[in-house]
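These notes are about the structure you will find just below.
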Amino acid sequence: MPLGLGRRKKASPLMEDEDVSERSALGVSQAVGMPGGSIASIPPGLPPPAPALRPRLVFHAQLAHGSPTGRIEGFSNVKELYAKIAEAFTIPVGEVMFCTLNTHRLDMDKLLGGQIGLEDFIFAHVRGQKKELEVYKSEDSLGLTITDNGAGFAFIKRIKEGSVIHRMQLIGVGDMIEAINGKNLIGSRHFEVARILKELPRGRMFTLKLCEPLKAFEMIGPRSGLSGISSGTSPSGRGTLRLRSKGPPTVEQLQVSVIEEKAVQKVDDLLESYMGIRDSELAGTMVELGMDKQNPDDFSQALDRTLGDFAFPDEFVFDVWGAIGDAKAGRY
C-alpha cells in the first residue's frame, strides 16, 4: 500500500499534554531512587510503589538573570514545574518563559526537555523587555527555527545567519512570540506558530510582537544562539527523570545507542527543514516509533496514533523513515 493511504489525522484541543516534549510528573513508576543515590529497578509485572513510599525528588534552581537558589519538588508536569519555580521565587507563573539545564546562558542545546538528570541544576528564564516590530518578508524563508516550552509559550530557538530575521537587530534567540499581525499566540504550539510564519505572503509587511528573556549584563552576547556556550556541566549519568505525557514519570539510566542518537539528530534536522521547528524530544519519539517497524506504512500508522495532531505530510514521513533506516544500516 502506498505511503499515507488511509492515514487519518485526529483532532484535539490546542493545549494538551500530548507532545513528547511535554512533561509528566513526579511519582516514579519503573525505577526508584535508593539510599546513596543508586537506582533500583522494579521487577516486571509488579505495581509501582504506593505514593507515600515513592522517593521525593528535589531539584535546585535559580533565575537565570541572578537569584538565590531555590528548592523545586512535587511537580507533576511541565506546567506544575513552572508553577513551583514561580512559587519558590515569588513571581507570577506566567513570567517563566523556559528553562535551561546546568547553564544560566541562552544555550538552546541545554533547554529543559522531556528529561532531567537527577543532578541537573535548573535555570529559569523569565520575561524581560517587550518589543513590537514591523518586518518585511522579502524572502519565502524568514530564517527562524521555533520551539516551545510545553506550557503555551513559543519562542525563537535559532536564527539563520544572513536571513531576513538576522538582519533585524532587535530580534534574538530566546524571544517569545506573543502575537503575529495582532493574533495572540500565547497557548499555541511551536508547529502552529511556524506554520503561520511560513504562510505569511512574501513581499508584504507583518507585525511581530515579542518578549525577550530578562538577561544579566554578562549574558548579552551573540544573537544566533550558538551552541557550546555553557557555564555548567553535562547532564548527570547517575539517573534521569523522564517525564511522560501520560502516567507517572520514571527514573532510569538512559542508554541511548549510537544508532538512535544519530537517527534523532537526522530527524530533528528534518523537522527544522520541513516545519521550521527543532524538538529533540519529538524527534526521539518518532525514532522510537520507527525502530521496530518493518515498512513505512506501519510507521505512518504509528505516527498517526501517537502524534496525529501534527498532521505530518507524507513526504516528510517518508524522509523520516529513510533517516531511521540509514541510521540502522550504519549510514550516518
Side-chain angles (χ1 to χ4, degrees), residues 9 11-16 18-19 21-22 94 97-98 106 108 111 125 127-213 222-226 267-280 282-283 307-320:
K9 309 298 180 189
S12 74
L14 183 63
M15 279 306 300
E16 288 264 347
E18 82 280 4
D19 186 56
S21 63
E22 295 164 12
M97 294 175 62
F98 54 86
L106 288 174
M108 295 292 105
L111 285 174
H125 298 256
R127 288 174 180 257
Q129 180 180 351
K130 291 193 174 186
K131 46 197 178 185
E132 187 170 314
L133 304 98
E134 296 290 324
V135 182
Y136 180 70
K137 189 175 182 181
S138 58
E139 304 172 15
D140 290 330
S141 174
L142 292 168
L144 283 180
T145 299
I146 309 298
T147 190
D148 65 39
N149 67 353
F153 293 166
F155 56 94
I156 298 171
K157 184 172 185 180
R158 181 180 297 176
I159 299 174
K160 184 178 180 180
E161 188 172 354
S163 65
V164 172
I165 295 298
H166 189 259
R167 296 192 290 270
M168 302 285 297
Q169 293 299 315
L170 293 178
I171 301 177
V173 164
D175 286 357
M176 180 175 69
I177 301 176
E178 292 188 334
I180 298 175
N181 284 338
K183 178 179 174 60
N184 182 17
L185 296 175
I186 301 300
S188 299
R189 296 304 317 279
H190 49 13
F191 63 92
E192 294 170 314
V193 175
R195 184 184 303 131
I196 292 172
L197 289 169
K198 185 176 182 180
E199 292 175 352
L200 290 170
R202 180 177 177 177
R204 294 186 184 180
M205 301 288 294
F206 68 94
T207 303
L208 199 56
K209 186 176 180 181
L210 306 170
C211 181
E212 67 181 34
R223 295 173 53 237
S224 58
L226 299 177
V267 173
D268 204 15
D269 289 342
L270 288 171
L271 283 170
E272 182 173 22
S273 176
Y274 275 89
M275 303 179 67
I277 65 175
R278 288 195 79 86
D279 190 330
S280 59
L282 174 59
L307 301 170
D309 299 319
F310 286 84
F312 296 123
D314 287 342
E315 58 270 22
F316 169 75
V317 174
F318 188 80
D319 282 352
V320 170

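- Contact check for L144 versus I159: side-chain heavy atoms found under the 4.5 Å cut-off.
- Going from atom CD of E178 over to atom CG of L208 covers 10.0 Å, rounded to the nearest 0.5 Å.
- Between L282 and F310 the shortest side-chain heavy-atom distance falls below 4.5 Å.
- Put simply, the side chain of L271 reaches to within 4.5 Å of the side chain of F312, judged on heavy atoms.
- Residues forming a ring pair (Phe, Tyr, Trp, His ring centres under 6.0 Å) with F206 (at least two apart in sequence, or on another chain): none.
- At a threshold of 4.5 Å between non-hydrogen side-chain atoms, the residues F155 and I177 do not count as touching.
- In this structure, K160 contributes its side chain and I165 its backbone to no donor-acceptor pair below 3.5 Å.
- For F153, there are no ring pair (Phe, Tyr, Trp, His ring centres under 6.0 Å) partners, not counting sequence neighbours.
- In plain terms, the two heavy atoms of P213 and L106 that are nearest each other are CG-CD2, 3.9 Å.
- Atom NE2 of H125 sits about 12.0 Å away from atom CG of N149, to the nearest 0.5 Å.
- Qualifying salt bridge (charged side-chain N to carboxylate O under 4.0 Å, His left out) partners for E139, counting only residues two or more places apart in sequence or in other chains: R167.
- No side-chain heavy atom of L200 sits under 4.5 Å from any side-chain heavy atom of V135.
- Side-chain N or O atoms of D148 include one that pairs as donor or acceptor with a backbone N or O of H190 at under 3.5 Å.
- Considering every non-hydrogen atom in both A194 and I277, the closest pair reads CB-CG2, 3.9 Å.
- Between the K137 side chain and the K198 main chain, a donor and an acceptor come within less than 3.5 Å of each other.
- Atom CG in L210 sits 5.5 Å away from atom CD1 in I171 (nearest 0.5 Å).
- Atoms OG and CD1, from S188 and I146 in turn, are 11.5 Å apart once rounded to the nearest 0.5 Å.
- In terms of heavy-atom proximity, C211 sits nearest to M97 at O-CE, 3.4 Å.
- Pairs of residues two or more places apart, or lying in two chains, that qualify as side-chain hydrogen bond (donor to acceptor under 3.5 Å, both in side chains) and include a residue from residues 201-210 are E134-T207.
- Remark: D319 pairs with no residue by the salt bridge (charged side-chain N to carboxylate O under 4.0 Å, His left out) rule, at least two apart or across chains.
- The closest donor-acceptor contact from the side chain of T145 to the backbone of K157 lies at 3.5 Å or more, if one exists at all.
- The distance from atom CZ of R127 to atom CE of M176, rounded to the nearest 0.5 Å, is 3.5 Å.
- Checked against salt bridge (charged side-chain N to carboxylate O under 4.0 Å, His left out), K131 has the following partners two or more places apart in sequence or in another chain: D175, E212.
- Side chain of D269 to backbone of E272: no donor-acceptor contact under 3.5 angstrom is found.
- Separation of atoms CZ (R278) and CG (L270) is listed at 9.5 Å; rounding is to 0.5 Å.
- Contact detail for A154 and V193: the closest heavy-atom pair is CB-CG2, 3.7 Å.
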